Q: 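Please read through the structure below; I'll follow up with questions.
For clarity, every value in this text was computed on a predicted model and none was experimentally measured. Reminder, nothing fancy here: chain letters follow the sequence lines and each chain counts from 1.
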There are 2 protein chains.
Amino acid sequence: MLSQTSSAIQDYLKALYVLEVEREPDGTAIPTTALAQRLGVSAASTTNMLKKLATLGLVRHAPYRGAELTPDGRTVALEVIRHHRLLETYLAEVMGVPWDEVHAEAEVLEHVLSERLEDRIASMLGDPSFDPHGHPIPGKDGSVAQASTRTLWEVAEGDSAAVERVSDDVPEALRYLARIGVLPGAAITVLRRGPLEGPLFIEVEGHDGSDALSKEVASTVWVR
Amino acid sequence: MLSQTSSAIQDYLKALYVLEVEREPDGTAIPTTALAQRLGVSAASTTNMLKKLATLGLVRHAPYRGAELTPDGRTVALEVIRHHRLLETYLAEVMGVPWDEVHAEAEVLEHVLSERLEDRIASMLGDPSFDPHGHPIPGKDGSVAQASTRTLWEVAEGDSAAVERVSDDVPEALRYLARIGVLPGAAITVLRRGPLEGPLFIEVEGHDGSDALSKEVASTVWVR
DNA sequence: GCCCTGGATTAGTCTCGGCTAAATTTCAAC
DNA sequence: GTTGAAATTTAGCCGAGACTAATCCAGGGC
């Protein structure tokens, strides 16, 4: 399934999958533009690719009203994401690559990882279920542990929550989060919310003092 | 240097390098056709690429009389080969991939290995100078331990020699060689040569009995 | 020294994935 | 209901790198 897709195709399917998970409950299709900008590509290119993916049976594309993964498309997306997250975990744990850098490495390696190495990595790591940022690693059978969709930004002033996962693709944000103690598993208390759309002051268990998080960054931290 | 080349370019340069080393002493250029068939590509494609490589300053191309690497081209080729051989070593030693399979894996990974991971792998392995098949791993400075160019096929009947390296790209041959004890470091005695161009009967230290090698396979084993 | 043959190059296409500019469709506002 | 802005698609193009067919040149045989 995976092996007969180009890495461009894999990137589109992966992005589509992530967007579908983010929009969560409502069953609406993903707009072309949303996909395009996530991939940093023009809308026209996206339309072309969606047509192609539709003929391959990987996507359902209703012109002018967006696209959705088919079961086959989802399978491919999950295989790529499994590669990505296994690689991130391997790079961090076995090779000692800093956690803010593993994403970039995994981004290119995910497309060329053979089945054999995938299996080897998984067993060396003891078939992990989560990557270093707290994201679930899909199983070979396509099963995915469901992740929280509540972000730190949504936590009310005075409330506490446990960090479940953080977005993996902005190294600067990751470094800042690690420095102030916002790591998967940490307990967070929202001390005070800044002015409208302003910073969020948080306190982390085991980390002294409170720190500010912009809305942008707080929205890339998911809690439970 | 490496980073701004496509993987197609890297493959051409690498092949050119290997062909240049094989033809060893005479300083003649590599014929277009030789390069083409090594890469499994048409001669026309090769001519096009050579013209491109020439404008990039990576190759000297005299129409109708072949091509040669420039110092810059050689640098890129050595970087790719360093990647390839470090990866083979890593896959075999750290990940436990069978030695006849590491070549195929390294072939795709070599093009996407970052500088950071290259360094990490090298230091995890203790900066090895040879890969599992006995080929020298170029240093970061471009230095390469020189390898023997005498093949097992050239050893006279009754003479002995030490296996230095074996070609890495034919899994079946590698499995056979390993089975009969022809591994880098092994001591070989040529017991008898078969009929003209026929098999070579060899004896290996620590391995009882003699075994036959076709000319084709014996020519992919280099001895000292 | 000429010619022929085989290696090499040129000419012309193809597929992939991108792009911009020009249509087109949808949908919200009136 | 009409309309206009925004989203989307279509049309036409580009660059990489591959291919085949046609042409061209270099060098050995005579």
Q: Under 4.0 Å between a side-chain nitrogen and a carboxylate oxygen: does that hold for B:Glu157 and B:Arg193?
A: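 No, no charged N to carboxylate O under 4.0 Å.
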Q: Output the residues of residues 40-50 of chain B in contact with DNA chain C, where contact means a heavy atom of the residue under 4.0 Å from an atom of the strand; sort by number or write none.
A: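 B:Ala43, B:Ala44, B:Thr47, in order of number.
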Q: Please assess B:His133 against B:Leu174 for the test side chain to side chain contact (heavy atoms under 4.5 Å, CB included), listing each intermediate value before the final yes or no.
A: CA-CA 9 Å; B:His133 311 101; B:Leu174 278 174; 3.8 Å; yes
Q: From CG of B:Leu35 over to C1' of C:dT9, roughly how many Å is that when rounded to an integer?
A: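 B:Leu35 atom CG is separated from C:dT9 atom C1' by 15 Å.
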Q: Establish, with yes or no, whether the OP1 or OP2 oxygen of D:dA6 is under 4.0 angstrom from a side-chain nitrogen or oxygen of A:Thr33.
A: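 So the side-chain polar atoms of A:Thr33 never come under 4.0 Å of the phosphate oxygens OP1 or OP2 of D:dA6.
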Q: In terms of side-chain geometry, is the basic nitrogen of B:Lys140 or B:Asp119 positioned less than 4.0 Å from the acidic oxygen of its partner?
A: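 Judged by the 4.0 Å cut-off on N to carboxylate O distance, B:Lys140 and B:Asp119 do form a salt bridge.
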Q: Kindly compute the distance separating CD1 (B:Ile137) from NE2 (B:His83), expressed to the nearest 0.5 Å.
A: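 Reported value, rounded in 0.5 Å steps: 12.0 Å.
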Q: Throw together a table of side-chain donor-acceptor distances under 3.5 angstrom for residues 48-63 of chain B, partners on residues two or more places apart or in other chains.
A:
unit_1  : atom_1 : unit_2  : atom_2 : d
B:Thr55 : OG1    : B:Lys52 : O      : 2.8

Q: Heavy-atom contacts under 4.0 Å between residues 53-68 of chain A and DNA chain D, which residues?
A: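 Heavy-atom contacts with DNA chain D come from A:His61, A:Pro63, A:Tyr64.
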Q: It should be established whether A:Ser6 places a side-chain nitrogen or oxygen under 4.0 Å from OP1 or OP2 of nucleotide C:dC16.
A: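 No.
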Q: Determine, step by step, whether A:Thr220 and A:Asp169 satisfy the side chain to side chain contact (heavy atoms under 4.5 Å, CB included) criterion, reporting the C-alpha distance in whole Å, the side-chain angles of both residues, the deciding distance to 0.1 Å, and the verdict.
A: CA-CA 10 Å; A:Thr220 66; A:Asp169 55 3; over 6 Å; no
Q: Does B:Lys52 place a side-chain N or O at less than 4.0 Å from the phosphate oxygens OP1/OP2 of D:dG15?
A: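 Answer no for this pair, as no side-chain N or O of B:Lys52 is under 4.0 Å from OP1 or OP2.
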Q: Got a second to check how far A:Leu19's CG is from A:Arg23's CZ, nearest 0.5 Å?
A: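 Rounded to the nearest 0.5 Å, the CG-CZ separation comes out at 9.0 Å.
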Q: When the distance from NE2 of A:His111 to P of C:dC16 is rounded to whole Å, what number comes out?
A: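 A:His111 atom NE2 is separated from C:dC16 atom P by 18 Å.
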Q: Given A:Lys14, which of A:Glu79, A:His111, A:Glu110 fulfils the side chain to side chain donor-acceptor pair (under 3.5 Å) condition?
A: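 Answer after filtering A:Glu79, A:His111, A:Glu110: A:Glu110.
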Q: C:dC16, OP1 or OP2 - any side-chain N/O from A:Tyr12 closer than 4.0 Å?
A: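 Looking at the OP1 and OP2 atoms of C:dC16, neither is under 4.0 Å from any side-chain N or O of A:Tyr12.
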Q: For B:Glu172, does the CD atom have more than 12 heavy-atom neighbours from other residues, nucleotides or ligands under 6.0 Å away?
A: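 Correct, the count exceeds 12.
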Q: Grab the CD-P distance between B:Gln37 and C:dG6 for me, whole Å please.
A: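 Taking CD of B:Gln37 and P of C:dG6, I get 16 Å after rounding.
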Q: Rounded to the nearest Å, what distance is computed from the NZ atom of residue A:Lys51 to the C1' atom of nucleotide C:dG18?
A: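 Going from A:Lys51 (NZ) to C:dG18 (C1'), I get 15 Å.
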Q: C:dC16 C1' sits how many Å from A:Asp11 CG, rounded?
A: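 Atom-to-atom, A:Asp11 to C:dC16, this comes out as 14 Å.
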